[in-house]
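Before any comments, here is the structure.
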Number of protein chains: 2
Amino acid sequence: MNVVMFVRDNGGEAALCRESLRETRKKELKEEIFLQALRMFKERGYENVTVEEITAACGIAKGTFYNYFPRKEHILLHLGQVKRALFDEAIARYSGVTDVRQRLKLIFGHVMSQSDLEPDLMKVTILEILRSWLLVEQEWQLMTEFEQQLTPLFAEAIAIGQVSPRSNPRELASVLVGIYLHALFAWLTKPEQGDKVELFNAHLDMMWDGMKKEGGAYGA
Amino acid sequence: MNVVMFVRDNGGEAALCRESLRETRKKELKEEIFLQALRMFKERGYENVTVEEITAACGIAKGTFYNYFPRKEHILLHLGQVKRALFDEAIARYSGVTDVRQRLKLIFGHVMSQSDLEPDLMKVTILEILRSWLLVEQEWQLMTEFEQQLTPLFAEAIAIGQVSPRSNPRELASVLVGIYLHALFAWLTKPEQGDKVELFNAHLDMMWDGMKKEGGAYGA
DNA sequence: GTCACTAAATGAACGTGGTCATGTTTGTAA
DNA sequence: TTACAAACATGACCACGTTCATTTAGTGAC
């Protein structure tokens with residue numbers, strides 16, 4: 001039997017607040033499982049790492065994994081949460097940029113350049129995020145949250161006259177998320193064709209200016 | 001042991017061309033497996049139907065399934081091929097429509113309204129198509145083919161001055177596929193918010209005209 | 001310390017997708 | 001007819017994700 005006591009550096013707290021020994025152990029073990037799994041996924045690929053190997057690396061039994069993550073793929077969804085945090089951060093950081101198109105480029109550039117997984121791990125992560133978006137009924141969903149966070153930004157852009165008022169902010173946000181997703185997909189399938197941030201920027205420009213040939217010479 | 005001889009109505013051909021007996025049998029059994037599987041997926045959902053149940057319904061052994069489809073999910077990819085055929089058909093059918101934006105609406109409208117699966121089956125199918133796009137190295141890929149088929153259409157649109165020449169046709173096609181995918185996703189996650197064809201049309205218009213506020217009153 | 005209570009850990013067992021060694025059928029050629 | 005090879009079918013078997021009845025151990029009351 002494996003005996004692993006994660007006493008760590010917070011033993012003092014245990015005496016202070018009730019349940020803390022159990023609860024901190026719980027949080028720490030979840031993090032431990034997550035980190036070990038991530039490390040192994042990076043080294044050998046998601047499909048090639050078994051739950052049993054992850055638990056062995058943590059010194060726990062196979063069944064224990066499922067006390068912390070309902071499914072193997074929830075490790076990847078947990079990763080998605082990191083992206084969400086980055087998104088929040090970026091929106092706050094660039095809220096002062098007055099040109100909305102530029103602000104969007106900065107926001108997405110931040111999200112894309114920070115969370116740099118290996119492309120292969122990124123692929124399975126995105127697929128799992130999409131799968132849970134489509135197949136799992138749940139209160140929150142990463143994609144929906146992205147939309148919700150972008151909506152006020154478009155409302156503002158319409159209000160200050162940088163975006164045409166003919167579409168509603170929510171729909172604009174939704175389409176932009178689509179552009180983002182597709183740029184990611186396009187880059188993941190052909191990474192040799194340039195940087196993913198530049199690809200997204202190009203698609204955003206296309207979206208912003210429109211495809212149609214404008215009358216006469218078209219502006220900037 | 002199950003003895004199932006699919007002699008069918010083409011026994012005559014067998015005498016005519018060599019190998020035909022074997023080959024037609026092969027095609028027919030593949031089709032039989034496909035149809036039985038599809039029926040069961042529709043009735044009970046993809047995840048709730050086992051390969052063994054499919055083969056039992058066809059009167060064959062489990063292992064035989066894998067002589068016809070390398071994986072369970074290839075049933076769904078086979079479904080994707082139907083969509084591809086629809087796409088070909090639609091491009092040919094509407095090649096005479098001179099307004100390119102209108103033509104695109106007709107093409108995608110055709111594809112979307114014809115292949116009407118239950119949304120749930122559509123979800124797993126799209127996810128498998130995306131998974132194979134991202135994870136399987138293969139010569140052809142549905143998404144890539146869509147792009148390739150749309151590219152000359154955009155080249156033409158640029159040539160006749162309906163689309164701004166500032167982007168290249170391939171990139172325009174790529175972005176349009178993204179719009180299509182995202183419209184599908186948006187509809188699948190919230191089907192109550194209207195028809196999927198109208199949703200795509202709205203997004204196409206947005207893409208075509210652009211988001212930005214144009215100087216003065218914006219045209220048609 | 002002891003006891004009852006409960007959260008957490010455990011690993012055997014299960015279900016299912018996928019493999020493989022083996023057996024069988026079919027087409028071909030002597 | 002017979003011999004042979006290739007295609008095809010078979011189901012026991014395996015690997016891995018997931019479940020669950022049982023055991024272990026933290027906790028609070030006395």
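Just so we're on the same page: letters track the sequence lines, and every chain starts at 1. What you are looking at is a predicted structure, and each value in this text was computed from that prediction instead of being measured.
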Legend entry - Parallel, tilted or perpendicular: rings of B:Tyr180 and B:Phe146 (30°, 60°): tilted
Legend entry - Spacing of A:Lys123 atom NZ and A:Leu117 atom CG [to the nearest 0.5 Å]: 13.0 Å
Inset, instruction - Among C:dA9, C:dT19, D:dA9, find the nucleotide with the atom closest to the side chain of A:Thr64. - result: C:dA9
Legend entry - Members of residues 42-51 of chain B that approach DNA chain D, where some heavy atom sits under 4.0 Å away: none
Inset, instruction - Would you check if the distance from the ring center of B:Phe34 to the ring center of B:Tyr68 is below 6.0 Å? - result: no
Inset, instruction - Report the distance from atom CD of A:Glu52 to atom P of D:dC14, rounded to the nearest whole Å. - result: 16 Å
Inset, instruction - Look at A:Tyr68 and C:dA9 and indicate whether a side-chain polar atom (N or O) is within less than 4.0 Å of OP1 or OP2. - result: yes
Inset, instruction - Could you check which of D:dT18, C:dG17, D:dT10 has an atom nearest any side-chain atom of B:Ile60? - result: D:dT10
Inset, instruction - Taking only Lys NZ, Arg NE, NH1 and NH2, and the carboxylate oxygens of Asp or Glu, determine whether B:Lys27 and B:Glu31 approach each other closer than 4.0 Å. - result: no
Legend entry - Side-chain donor/acceptor contact of A:Lys62 with base of C:dT10 under 3.5 Å: no
Legend entry - Neighbours of DNA chain D within residues 124-136 of chain B, by heavy-atom distance under 4.0 Å: none
Inset, instruction - Look at the side chain of B:Lys72 against the base of C:dG18 and say whether a donor-acceptor pair falls under 3.5 Å; ignore hydrogens and angles. - result: no
Inset, instruction - State whether A:Asn67 places a side-chain N or O below 4.0 Å from either non-bridging phosphate oxygen (OP1 or OP2) of C:dA8. - result: no
Inset, instruction - Give a yes or no on whether a salt bridge exists between A:Arg131 and A:Glu73, defined as a side-chain N under 4.0 angstrom from a carboxylate O. - result: no
Legend entry - B:Glu118/B:Lys42 salt bridge by N-O under 4.0 Å criterion: no
Inset, instruction - First locate atom CZ of B:Arg101, then atom CG of B:Leu104, and finally report the distance between them rounded to the nearest 0.5 Å. - result: 10.0 Å
Inset, instruction - To the nearest Å, give me how far apart OH (A:Tyr66) and P (D:dA21) are. - result: 17 Å
Legend entry - Distance, nearest 0.5 Å, that separates CE of A:Met122 from CG of A:Leu188: 5.5 Å
Inset, instruction - May I ask you to say whether A:Lys190 pairs ionically with B:Glu147, meaning some side-chain N is under 4.0 Å from a carboxylate O? - result: yes
Legend entry - Between C1' of C:dA8 and CZ of A:Phe65, the distance in whole Å: 16 Å
Inset, instruction - Ignoring backbone atoms, establish whether A:Arg71 has a side-chain N or O less than 4.0 Å from OP1 or OP2 of D:dT18. - result: yes
